[in-house]
Amino acid sequence: MLFVLILFSAGCLFAQAPDSVAGRAAFESHCMVCHGSDGNGGEHAPSVLPAVAAKTDAELNAIIVDGVAAKGMPGFKQLPEAERVALVDYMRVLQQHERRRRGFQSTRLKVKLTDGTQMEGLAISKTRRDLALRTADQRLQLLRKAPGDTHRRVTSQADWTSMHGGLDGNR
Ligand code: HEC
């Protein structure tokens, strides 16, 4: 489970790679007005994300060029190919963000421990039995549900997620 989380956070760093900047700019100037800033739907059009998940790059490119006349989406024939490619890449980034967001949203939690103390931190993962909290000292605390709405400490370790970020920042 932790490994998956580490991969996810590595993915976040990549998602901010420079090439997505061009795609983002293009999306914001041509598409956001209808599809919303995160592609998830706006006042004038629904989310593009299901189509992005279901279609190939070539199909998405064709939608950008031709539009969806029957439903009121204009074609963008004038856009240079490089910009269309960047747009398709950027929509894939948006779609991945959305998937991650739906999978798990980290929130701040305060829980009661079996020894009567309390622990507060950012919930990194949560299942029916287990909870991983990142506490202010940057340690990852693994807790297991115990009776009476309490949690029992399982292990505590240096938080590889944030170490990863730290190493990256030092490059
Ligand atoms: C004037 C509003 C408008 C603008 C601007 C617009 N769209 Fe759309 N778009 C729509 C509508 C309306 C639909 C049809 C939704 C539906 O199927 O009901 C749509 C559908 C889509 C779909 C899904 C098509 C399918 O077959 O399901 C994609 C992908 C898409 N738009 C991408 C884009 C991109 C990329 C841009 C910017 C280059 C853009 N749109 C700009 C209104 C717009």
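Counting convention: from 1, in listed order, for ligands and their atoms alike.
Rounding to the nearest 0.5 angstrom, the gap separating the CG atom in Leu109 from the CD atom in Gln118 is 12.0 Å. Atoms CD and CD, on Glu120 and Gln141 in that order, are 13.0 Å from each other to the nearest 0.5 Å. Between atom CG of residue Asp57 and atom CG of residue Leu87 there is a gap of 12.0 Å, rounded to the nearest 0.5 Å.
Glu59 places a side-chain N or O within 3.5 Å of a backbone atom of Thr56 that can act as its donor or acceptor partner. Between the His35 side chain and the Pro46 main chain, a donor and an acceptor come within less than 3.5 Å of each other. When atom types are taken as modelled, the side chain of Arg129 and the backbone of Arg144 share no donor-acceptor pair closer than 3.5 angstrom.
Of all the heavy atoms of Leu87, the ones lying under 4.0 Å from any atom of ligand 1 belong exclusively to the side chain. With a 4.0 Å heavy-atom cut-off, ligand 1 is reached by the side chain of Pro46 but not by its N, CA, C or O. Heavy atoms of Ala26 found under 4.0 angstrom from ligand 1: none, in either backbone or side chain.
Distances between N or O atoms of Lys71 and those of ligand 1 include at least one value under 3.5 Å.
The shortest heavy-atom distance from Arg84 to ligand 1 is not under 4.0 Å. No heavy atom of Glu59 sits closer than 4.0 Å to any atom of ligand 1.
Among protein heavy atoms, the minimum distance from atom 30 (C) of ligand 1 is reached at Val48 CG1, 3.5 Å. For atom 24 (C) of ligand 1, the nearest non-hydrogen atom of the protein is Ile63 CD1, 3.7 Å. Given atom 10 (C) of ligand 1, the protein heavy atom at minimum distance is Met73 CB, 3.2 Å. What sits closest to atom 27 (O) of ligand 1 on the protein, heavy atoms only, is Ala51 CB, 3.6 Å. With hydrogens left out, the protein atom closest to atom 29 (C) of ligand 1 is Leu60 CD2, 3.8 Å, a heavy atom. Scanning the protein heavy atoms around atom 25 (C) of ligand 1, the nearest turns out to be Lys55 CE, 3.8 Å. When only non-hydrogen protein atoms are considered, atom 34 (C) of ligand 1 lies nearest to Cys31 SG, 3.4 Å. Shortest contact from atom 4 (C) of ligand 1 to any protein heavy atom: Cys34 SG, 3.3 Å.
Heavy atoms from other residues, nucleotides or ligands lying under 6.0 Å from CG of Asp149 number 12 at most.
In this structure the side chain of Lys145 reaches within 4.5 angstrom of the side chain of His151, judged on heavy atoms. Using a 4.5 Å heavy-atom cutoff, the side chains of Leu143 and Arg152 are not in contact. Between Ile64 and Met91, some side-chain heavy-atom pair lies under the 4.5 Å cut-off.
At a cut-off of 2.8 Å, His35 coordinates atom 8 (Fe) of ligand 1 through an N, O or S atom.
Interface of Met91 with ligand 1, defined as ligand atoms under 4.0 Å from a residue heavy atom, comprises 35 (C).
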